[in-house]
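Convention: sequence-line order gives letters A, B, ...; per-chain numbering from 1.
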Amino acid sequence: MSERVKPTKKSSGAGGPQGTPEGPRQDHVKAAKADAALPALGILGMLRWAWTQLTSMRTALFLLLLLAVAAVPGSLFPQRPANPSVVTQYIKDHPDYGKILDSLQLYDVYSSAWFSAIYILLFISLIGCVVPRAIAHYRAMRSQPPRTPKRLSRLPEYGTLVVPAEAGVPASDAIEDAAALLKKRGYRVEVRHDDGARPSLGAERGFLKEVGNLVFHTSLIGVLVSVAVGGLFGYSGQRILVEGDTFVNTLVGYDQFTPGTNFQSSQLQPYSIQLDKFQATFDRESKGKFGQPIDFTADVTTKENPGAPAKKEVLKVNDPVTLGGTSIYLTGNGYAPVVTVRDGKGNIAMQGPVVAKLQGENYYSSVVIKVPDAKPEQLGFAGFFLPTAFVTDKGISFSGDPDLINPQLSLNSYYGDLGLDKGAPQNVFELDVKDLKPLNGRDLAAGGITLAPGSTYTLPDGKGSISFDGVKKYIGVDIHHNPGQLSALIFALLAVAGLVVSLYVNRRRVWVRTGTHEDGRTMVEYGLLTRGEDHRLAGEAVAIRGLLAGAWGLDTQIPPSERADNGPAGTDPADASVHTDPVDASAASGADASAATPSEDFIQSTAGSPESKKDQ
Amino acid sequence: MFPINETMGQYSELFMLLAAGTYTVAFIAFAWDLAKSSKALRTVDLKAAAAAGTPDAAASDGAAADAGAKVPVAAGSVRGAAADADRVAGHLAGPAGRAERPSSSVSAGGPGSGAGQTANASMEYAAERRVPARVAVALTVLGAAIHAAGVLTRAVGAGRVPWGNMYEFLTTGAFVAVAVFLVVLIRRDLRFLGTFVVGLVIIMLVAASVAYWTPVGHLVPALQSYWLVIHVSIAVLSSALFTLTFAMSALQLVQSHRQKTLAAGGEDKLGFMRLVPSALSLENLSYRINAIAFIGWTFTLMFGAIWAEKAWGRFWGWDTKEVWTFVIWVVYAGYLHARATRGWTGTRAAWLSIVGYLCVVFNFTIVNQFFNGLHSYSGL
């Protein structure tokens with residue numbers, strides 16, 4: 001804005017003192033100029049100016065490219081919505097600039113102020129462009145084709161036909177014939193007899209092109225709105241289910257829950273889903289990918305609501321289960337060793353499966369067991385679960401296969417206050433050993449605990465015992481509800497349809513003019529024009545020519561002097577070489593064509609007459 | 001699930017190597033064609049120049065003199081310059097800059113329409129036979145046939161569509177690039193692109209065999225979906241089309257520079273570019289191909305979103321691969337808009353097309369390999 005406004009102000013300000021010696025007349029002019037400029041400086045004018053700028057194609061293009069550039073940082077830096085803990089770690093790892101990036105919202109690129117500003121401006125620009133165009137197009141669709149140009153030969157496609165006098169087709173009939181043909185071809189036609197001796201017609205087709213264009217752009221707005229609706233009213237959550245576990249769709253049922261901005265807990269339908277069995281299949285066939293997972297199948301039992309009949313379903317990757325307006329996705333799986341922990345008094349303090357968190361290859365997973373109920377002192381265990389345990393020469397154990405070939409639990413044990421009684425939330429997958437006393441460990445006298453299924457280890461100092469009873473499997477499920485999803489799909493499909501139509505329907509105009517030559521022949525000239533790019537316009541011209549010639553029983557062949565697209569009829573055939581130059585066409589339509597078209601009036605020319613043929 | 005046939009996989013690798021060898025010979029033939037034709041055309045030009053005085057100089061003089069009148073169109077050699085001038089002056093010629101829009105009327109140029117510009121503007125086949133080019137195309141067809149056998153045996157060996165990892169993307173993608181090139185060759189004489197397309201295909205095959213070799217194997221569960229067939233095939237097809245337009249846009253920039261130099265009376269240092277059509281024709285054809293490829297890319301994006309919804313529970317999550325697919329889409333959308341914006345057609349649009357393709361390459365190589373994301377498993 002400043003670009004334009006400031007210079008005007010300056011010049012009017014500078015004009016005052018300088019203007020006086022130059023005489024009242026100049027001064028007057030300057031004053032008038034300043035006056036004339038003033039309304040443009042008003043708030044309304046400035047707004048209008050800003051609006052024009054914003055809705056211009058140039059700005060839209062700039063914003064579009066800016067959007068592409070602005071999206072890139074989101075792939076370079078870790079993003080909070082995808083994984084908040086990675087971001088925290090990244091900031092820790094880069095103390096020098098990690099915080100600065102955070103203040104620039106580079107970890108929340110797609111919800112950042114600057115990214116939002118770009119796409120909101122882009123969409124405002126889009127609306128400002130689409131609405132006036134829609135109005136204009138509505139008017140264009142209701143109005144008649146534009147008036148016949150004076151010189152059709154200036155159009156990019158132009159041709160002529162001559163109907164011999166003996167054919168008995170007067171000019172007025174010829175134009176009606178042409179109108180009928182074009183109507184049949186899908187053109188909207190208006191015949192203009194008011195030109196008197198030279199009736200003409202204007203025809204237009206391809207209004208769908210602009211409709212497609214408008215539909216495409218409007219649908220993009222629709223997609224954006226759908227995404228916003230999903231963000232407002234949707235929700236998502238995660239839950240880990242060990243075989244035998246049941247999830248009930250209530251807020252407490254989730255391990256993690258992300259509500260939309262306008263979420264209400266009453267939205268949750270209390271369906272239930274129970275994991276009966278989980279089966280993972282690993283590749284045993286190929287040498288290169290031995291042990292790679294090739295199938296995950298979870299057998300589940302679902303109930304639409306607490307009273308509904310149970311239903312057996314299969315949950316797989318790429319094949320979610322739909323229930324109560326949500327979709328349930330299989331996103332993870334692992335092993336849950338079943339353990340029994342007895343305390344110093346011999347009572348069972350803890351019994352059941354413990355979810356082992358995946359850490360490395362072949363389901364090498366970490367295990368944390370917290371036993372707050374153990375008496376007299378609370379117990380804690382931390383270590384690893386290996387489905388197929390191998391030990392290297394150096395005494396490092398690793399998992400050699402994803403299947404349960406040689407399951408092993410290696411643990412360190414601790415006793416003391418787990419800190420759970422204070423009520424502060426703790427990560428179930430981490431054991432804070434700061435306030436605990438170690439009991440078992442690799443570097444301790446008692447050594448670490450190594451358990452195979454069915455075995456029991458008695459803790460030193462009479463602190464109790466731990467048994468490894470068996471292994472169950474668990475799955476991680478994502479539960480999503482997105483009310484904007486379907487409309488986003490519909491709008492996206494509409495957008496593609498609009499795009500295809502706008503790129504492949506051509507808006508064309510055809511004008512035909514007829515007249516009677518002095519010698520009685522009926523002269524016909526036609527011209528075609530396209531809006532936008534249309535590489536098939538020449539083909540259309542040829543087709544129309546063929547139709548017209550067919551209707552009047554003429555030779556469809558194009559005389560040599562017309563071979564070039566814009567070959568103006570009636571030119572001296574000796575000039576023909578000029579017309580083979582392709583630039584001629586654009587010159588004729590773009591610039592002054594009179595040089596290339598010596599004969600301005602085809603209808604009274606000698607084209608196709610016996611005399612002109614002699615010249616050849 | 002079909003069993004794995006490792007013998008087939010080994011045959012496939014053999015076919016790939018044979019195909020790469022055949023392509024290499026084809027590449028040499030294409031290069032030979034460029035060199036030979038360029039030489040022959042220069043001789044023709046020199047003869048013509050000797051016969052007609054210096055038409056080139058006259059043409060450019062005329063152009064300079066007529067600049068005010070806006071009809072600097074005397075010779076084909078300044079066609080591009082004239083087109084540029086038209087673009088600038090186009091708005092004077094009536095409604096909505098119609099004259100700047102290249103329409104079919106450009107397509108009438110015949111061979112030999114001017115010095116320095118010899119290639120057919122409509123890119124249709126000319127009457128004269130270019131033996132090295134024919135040999136090159138024949139060899140490319142042979143290479144493509146062997147390549148097809150390689151892709152097919154890979155598919156049979158793995159018992160699924162052959163695009164489940166980087167090795168398969170590269171080998172199948174290279175095949176699609178050649179196939180698209182050969183299909184376009186049926187209608188248009190794009191043999192001047194031969195060195196580029198075949199050269200790129202050789203690079204892809206070598207990279208696949210050396211850096212990304214993977215034995216035949218089953219797919220991880222996340223990739224076991226019919227969307228893999230739909231989403232990836234359209235992505236590969238669109239990328240192949242983008243490859244063609246990238247080459248054309250790059251040539252367009254060179255040709256446009258050359259045309260300007262010639263129009264200004266400069267020396268023609270890039271003789272082999274005689275074989276390449278004018279900048280404007282290149283721009284027009286690459287626009288048409290880009291339009292198809294853009295629709296394809298839109299489908300890639302959409303089907304990817306549908307698949308993402310099925311596999312991960314959300315149709316859009318700004319995963320790195322999603323980000324880059326979006327960036328590519330936006331750049332090519334910008335390209336299509338640029339073609340309709342005054343001052344952005346021609347060279348600038350060509351640059352957008354090139355930037356878009358560089359994004360495609362980046363998305364395919366760097367993002368697959370070095371960026372962490374949900375698509376990572378597809379990489380290696």
Side-chain angles (χ1 to χ4, degrees), chain A residues 57-58 60-61 64-65 67-68 71-72 74-75 79 82 110 156-157 236 283 285-289 292-296 317-318 320 327 329 331 478 480 482 485 488-489 492 496 499-500 503 530 532-538 564-566 580-587 589-592 595, chain B residues 1 3-4 69-71 73 76 79 82 86 89-90 93 98-99 101-110 113 121 214-218 220-222 224-225 284 287-288 291 295 298-299 302 309-315 317-318 320 323-324 326-327 330-331 333-334 337-338 340-341 344 371:
Chain A
M57 188 67 154
R58 221 171 267 269
L61 186 60
L64 199 61
L65 296 178
L67 185 71
V72 171
S75 71
Q79 296 295 299
Y110 305 107
E157 291 294 335
S236 66
D283 193 348
E285 234 184 323
S286 72
K287 290 185 195 96
K289 294 182 174 178
Q292 180 190 281
I294 49 175
D295 186 56
F296 296 135
V317 183
N318 275 316
S327 295
Y329 303 86
T331 52
D478 277 24
H480 287 267
N482 187 344
Q485 199 158 282
L489 177 66
V496 176
L499 178 68
V500 172
L503 283 174
T530 187
E533 287 187 44
D534 181 1
H535 59 273
R536 284 168 299 190
L537 189 65
D565 299 77
N566 196 26
T580 57
D581 191 321
V583 180
D584 190 32
S586 60
S589 61
D592 189 359
Chain B
M1 194 172 289
I4 284 172
K70 298 192 281 86
V71 205
V73 290
R79 192 187 296 149
D86 260 4
R98 191 159 289 130
R101 299 270 163 61
S103 79
S104 49
S105 37
V106 193
S107 63
S113 55
T214 320
V216 282
H218 291 300
V220 294
Q224 293 171 15
S225 169
N284 284 339
Y287 171 75
R288 284 165 59 187
I295 294 174
T298 311
F299 276 118
M302 248 179 71
E309 192 279 322
K310 262 193 158 301
W312 305 319
R314 84 290 183 291
F315 60 88
W318 296 108
T320 45
V323 170
W324 278 95
F326 172 76
V327 167
V330 170
V331 169
H337 282 94
T341 309
W344 272 82
F371 284 32

S.K.: Chain B heavy atoms under 4.5 Å from A:Ala82: which part of the residue, side chain, backbone, both or neither?
M.R.: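 Neither part; nothing is under 4.5 Å.
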S.K.: What's the shortest heavy-atom distance between A:Ser75 and B:Trp324, and which atoms?
M.R.: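 Residues A:Ser75 and B:Trp324, closest heavy atoms: OG-NE1, 2.8 Å.
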S.K.: If the plane angle is over 60° it's perpendicular, under 30° parallel, otherwise tilted; pick one for B:Trp318 and A:Tyr110.
M.R.: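 Parallel: the ring planes of B:Trp318 and A:Tyr110 meet at under 30°.
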S.K.: Looking at every heavy atom in both B:Pro221 and A:Pro293, which two are closest together, and how far apart are they?
M.R.: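 B:Pro221 and A:Pro293 have their closest heavy atoms at CD-O, 3.3 Å.
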S.K.: Relative to chain B, which of A:Asn318, A:Val317, A:Leu64 shows the most heavy atom pairs under 4.5 Å?
M.R.: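 Heavy-atom pair counts peak at A:Asn318.
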S.K.: Which region of A:Leu503, side chain (C-beta onward) or backbone (N, CA, C, O), has a non-hydrogen atom less than 4.5 Å from a non-hydrogen atom of chain B, or is it both or neither?
M.R.: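 Looking at A:Leu503, just its side chain touches chain B.
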S.K.: Identify the two heavy atoms, one from A:Ser236 and one from A:His480, that lie closest to each other, and give their separation to 0.1 Å.
M.R.: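 So the two residues come closest at CB-ND1, 3.4 Å.
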S.K.: Under 4.5 Å heavy-atom distance to chain B, tell me which part of A:Ala488 shows up: side chain, backbone, both or neither.
M.R.: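 Answer is side chain: those atoms of A:Ala488 sit under 4.5 Å from chain B.
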S.K.: Give me the atom names and distance for the closest heavy-atom approach of B:Val323 to A:Ala71.
M.R.: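 For B:Val323 and A:Ala71, the tightest heavy-atom pair comes out as CG1-O, 3.2 Å.
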S.K.: Which pair of non-hydrogen atoms, one from B:Thr341 and one from A:Met57, has the smallest distance, and what is that distance?
M.R.: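 Reported closest heavy-atom pair: OG1-CG, 3.0 Å.
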S.K.: Check each atom of A:Asn482 against the heavy atoms of chain B and say whether the ones under 4.5 Å are side chain, backbone, both or neither.
M.R.: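 A:Asn482 touches chain B through side-chain heavy atoms alone.
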S.K.: Give, as side chain, backbone, both or neither, the part of B:Ser225 having an atom under 4.5 angstrom from any heavy atom of chain A.
M.R.: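 Both parts, heavy atoms under 4.5 Å.
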S.K.: Heavy-atom cut-off 4.5 Å, strictly under: side chain, backbone, both or neither for A:Gln292 against chain B?
M.R.: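 For A:Gln292, the side chain is the part near chain B, not the backbone.
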S.K.: For A:Val496, is it the side chain, the backbone, both, or neither that has a heavy atom closer than 4.5 Å to a heavy atom of chain B?
M.R.: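 For A:Val496, the side chain is the part near chain B, not the backbone.
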